[in-house]
Participant: 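I have a structure I would like to understand better, so I am pasting it below and will then ask my questions one at a time.
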Amino acid sequence: MLLTSFIISIVALFFAGWLVFWIKKNDMGTAKMQEIYEAIKKGANAFLKRQYQTIAIITVVLALVLYGVYALNGKSLAGLQVSLAFILGAICSSVSGLIGMWISVRSNIRTASAAQTSFSKALTIALRAGAVSGITIVALSLIGITGLYYIYGWMGYTAIEIPHLLVGFGFGASLVALFAQLGGGIYTKAADVGADLVGKVEAGIPEDDARNPAVIADLVGDNVGDCAGRGADLFESTAAENIGAMILGVALYPYFGINGIIFPLVIRGFGLLAAVVGVLFAKAKETDEPLKALNKGYFVTSLLATIAFYFVTMEMLGSILMFYAGLVGIVASIAFVFITQYYTEHKYRPVQDIAEASKTGHATNIIAGLSIGFECTAATVVTISAALLASFKLGAMTGFEHGGLYGTAVATMGMLSTAAYILAMDTFGPITDNAGGIAEMSGASKEVRERTDKLDSAGNTTKALTKGYAMGSAALAAFLLFSAFLTEAGMTIVDLAKVEVFVAALIGAMLIFFFSGLTMRAVGKAAGKIVEEVRRQFKADAGIMAGTSKPDYATCVDITTKAALKEMIIPGLIAVIIPIVVGVTMKAEALAGFIMIGTIAGVLLATLMNNAGGAWDNAKKYIEMGNLGGKGGDAHKAAVTGDTVGDPFKDTVGPSLHVLVKLLGTLSLALVALFI
């Protein structure tokens with residue numbers, strides 16, 4: 001069965017290769033479009049090269065620390081293997097981010113070109129490009145873990161020992177994902193906010209207007225933040241959650257044998273096949289709403305994943321109750337998609353409330369957006385709680401010791417069975433955003449811009465719903481990783497009445513808010529530099545606004561790159577150092593309280609930020625569609641302010657918190673020997 005999963009992953013990579021071949025056959029548009037594309041590609045490549053050089057140094061240092069921890073505990077050989085797995089996880093996570101950026105950059109121009117003649121074709125190109133990223137990332141995760149599993153088996157380790165050696169792989173993936181998401185998120189939102197504040201609000205020019213010196217930096221940001229950063233994030237999700245479930249599978253070895261350990265890898269392989277079919281089903285007519293086609297593919301993927309889940313569960317675990325637990329996870333993933341759509345799509349009350357509030361000013365827009373962010377946490381928490389309780393009860397009903405915990409692991413696998421398609425929809429967003437920018441900058445016709453605007457609006461919703469899905473899966477995964485940590489540390493109870501545990505729990509909650517504050521400030525500082533530069537260029541050369549001079553795009557790209565790389569270091573290091581200090585000084589039970597409360601705070605704050613940011617963005621777009629006075633009116637100016645506040649919420653802090661709550665779990669698992 002494990003070999004089947006490995007083979008499916010290889011087949012999926014060939015399918016992704018076919019998609020790349022199909023995409024690259026499409027036209028690249030006009031000479032002007034290609035000029036803009038080259039500028040975006042150059043900026044994205046330069047940023048990622050410098051970012052990954054920085055990440056590589058941090059990775060090597062932490063790999064040595066990992067080895068040292070195990071060596072001090074008399075486990076030098078295990079330490080070497082965990083450290084090598086850590087480096088492999090970091091490399092695979094980096095490659096995942098690069099793949100996301102590579103395909104995005106090469107697809108946005110083809111999407112813009114296709115929009116000149118066909119909305120349907122433009123949508124298909126954008127989604128299939130997203131699928132290249134989604135399918136490749138999940139396949140790489142499976143190949144990495146199954147490959148290590150076979151290598152460790154060949155070295156003589158037993159099925160029970162191997163999952164514990166894999167924790168380094170998950171930690172390496174988490175570390176790279178955190179820095180990739182932080183750096184990319186700071187870059188993309190600093191450029192976006194700076195471009196909007198001077199371009200839209202002060203100069204009154206359209207979004208993505210070629211006269212705006214920050215517009216290329218903004219378009220580069222879509223690729224390095226939303227594609228490269230999210231690619232590393234989703235790779236980390238699939239890797240860490242598989243490993244956590246495998247560790248819990250060890251506890252049920254007396255009942256399921258090796259099947260309980262490798263089940264997460266096998267079911268993820270069949271989920272990958274379901275996503276391949278779903279992508280092929282997602283096609284739209286010229287008059288369709290984009291989300292209709294995207295949702296069709298998602299439901300096909302979910303249905304096929306459910307069928308596969310039944311047969312694989314019955315074959316490997318022989319328990320209908322465990323299938324029901326997996327079904328709980330699949331239903332929860334669908335619920336998260338609809339919850340996020342409700343709170344971020346312009347057709348529903350929350351976004352329309354924010355748009356209405358914009359009529360009375362900037363402050364009321366901000367108040368309305370924050371109220372929606374606070375409100376939406378209720379639906380998210382109810383869904384997470386119901387999924388955890390139901391899956392735990394179903395697992396416990398099997399009568400197996402630790403069956404309840406394994407039931408939650410199976411539910412997490414169910415939720416992540418559609419991960420490849422979800423990531424395809426996520427990458428669809430920045431590709432269509434870039435396509436709209438290329439169309440605007442190249443002077444495309446109104447009809448073409450209307451098509452790209454339609455795709456971009458849907459892309460905003462898909463980015464928001466995939467963040468909701470990612471946060472929901474992060475919550476289930478965090479419980480899974482937390483349970484695995486308790487198992488590794490030999491604990492069954494965490495007593496919050498102990499002063500050390502209570503203090504550590506307070507620090508855990510503090511870390512979430514402190515980390516978020518540093519990240520928000522980083523975006524604000526970097527955006528301020530972009531604002532100053534754009535104002536300087538407009539003042540120094542009146543020909544820019546007149547259209548007779550070309551702005552200096554390269555300077556804005558360079559400013560954003562330097563600021564993002566500088567500002568990502570401190571939040572990232574704090575996220576790693578504070579848990580280690582807590583664990584070393586107050587030991588395992590206190591660290592468990594730290595993780596528990598930190599996870600709860602992180603889930604709530606990320607949900608608030610993701611949905612409030614998405615709602616602010618689509619409220620602005622709702623007004624730009626001609627509602628409440630349309631572009632240029634007072635309501636629109638207030639909505640732009642809300643959108644700029646929401647930008648770091650939804651594209652920097654929120655996604656970084658997804659990674660942070662899982663990093664707490666993978667870090668504690670990798671270094672558990674240090675805390676006991």
Side-chain angles (χ1 to χ4, degrees), residues 62 65-75 78-79 81-83 85-86 158 160-171 174 240-254 260-261 388 392 401-406 408-409 412 476-509 511 575-600 602 660-676:
L62 279 174
V65 170
L66 265 177
Y67 174 75
V69 168
Y70 278 85
L72 287 172
N73 285 271
K75 299 177 180 179
Q81 287 152 1
V82 170
S83 299
F86 171 81
T158 66
I160 292 176
E161 293 172 321
I162 290 173
H164 305 285
L165 298 174
L166 293 172
V167 294
F169 186 88
F171 182 30
S174 297
E241 288 147 27
N242 279 339
I243 293 165
M246 291 172 75
I247 289 172
L248 291 183
V250 170
L252 277 86
Y253 190 81
I261 297 172
L388 284 174
F392 187 92
E401 187 179 4
H402 306 299
L405 286 178
Y406 197 72
T408 63
T412 306
L476 293 184
F479 181 77
L480 171 64
L481 294 168
F482 178 69
S483 302
F485 171 70
L486 293 182
T487 301
E488 290 286 278
M491 290 188 293
T492 56
I493 295 173
V494 179
D495 187 358
L496 282 172
K498 291 182 179 178
V499 66
E500 296 90 351
V501 179
F502 186 79
V503 168
L506 277 177
I507 297 171
L511 172 63
V576 174
I577 292 169
I578 289 180
I580 293 175
V581 171
V582 169
V584 169
T585 57
M586 292 188 276
K587 298 305 175 185
E589 188 177 0
L591 182 61
F594 175 97
I595 296 168
M596 183 191 304
I597 304 305
T599 297
I600 293 169
L660 178 58
V661 297
K662 288 174 287 187
L663 177 70
L664 297 179
T666 55
L667 182 152
S668 60
L669 276 172
L671 298 175
V672 66
L674 190 63
F675 309 136
I676 297 174

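None of these values were measured; they are calculated from a predicted model.
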Participant: Measure the spacing between OG1 of T487 and CG of L669 and express it to the nearest 0.5 Å.
Facilitator: 9.0 Å
Participant: For T408 and F392, indicate whether the former's side chain and the latter's backbone hold a donor-acceptor pair under 3.5 Å.
Facilitator: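 Judged by distance alone, no pair lies under 3.5 Å.
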Participant: Test side-chain contact (heavy atoms from CB on, under 4.5 Å) on L486 and T492; report intermediate values, then the result.
Facilitator: CA-CA 6 Å; L486 293 182; T492 56; over 6 Å; no
Participant: A side-chain contact here means heavy atoms from C-beta on lying under 4.5 Å apart; do V661 and F482 qualify?
Facilitator: no
Participant: If we only count heavy atoms from C-beta on, is the V494 to V501 side-chain gap below 4.5 Å?
Facilitator: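 Contact flag for V494/V501 side chains = yes.
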Participant: Hey, could you give me the CG/CZ distance between L166 and F171, rounded to the nearest 0.5 Å?
Facilitator: 15.5 Å
Participant: Tell me, do F594 and L664 make a side-chain contact under 4.5 Å, heavy atoms counted?
Facilitator: yes
Participant: If we ignore hydrogens and angles and just use 3.5 Å, is the side chain of Y253 paired with the main-chain N or O of I261 as donor and acceptor?
Facilitator: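 Pair absent, no side-chain N/O of Y253 close to backbone of I261.
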Participant: Using side-chain contact (heavy atoms from CB on, under 4.5 Å), reason through E241 and K662 one step at a time and then give a plain yes or no.
Facilitator: CA-CA 9 Å; E241 288 147 27; K662 288 174 287 187; 3.3 Å; yes
Participant: A side-chain contact here means heavy atoms from C-beta on lying under 4.5 Å apart; do L591 and M586 qualify?
Facilitator: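 No, every pair of side-chain atoms sits at 4.5 Å or beyond.
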Participant: For a 4.5 angstrom cut-off between non-hydrogen side-chain atoms, does S483 reach L248?
Facilitator: yes
Participant: Measuring only between side-chain heavy atoms, which start at C-beta, is I595 closer than 4.5 Å to S668?
Facilitator: yes
Participant: Show your working on side-chain contact (heavy atoms from CB on, under 4.5 Å) between E161 and V250 and close with a plain yes or no.
Facilitator: CA-CA 8 Å; E161 293 172 321; V250 170; over 6 Å; no
Participant: Test side-chain contact (heavy atoms from CB on, under 4.5 Å) on L405 and F479; report intermediate values, then the result.
Facilitator: CA-CA 9 Å; L405 286 178; F479 181 77; 4.0 Å; yes
Participant: Please check this pair: side chain of E589 against backbone of D495, looking for a donor-acceptor N/O pair closer than 3.5 Å.
Facilitator: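 Yes, E589 side chain to D495 backbone: donor-acceptor pair under 3.5 Å.
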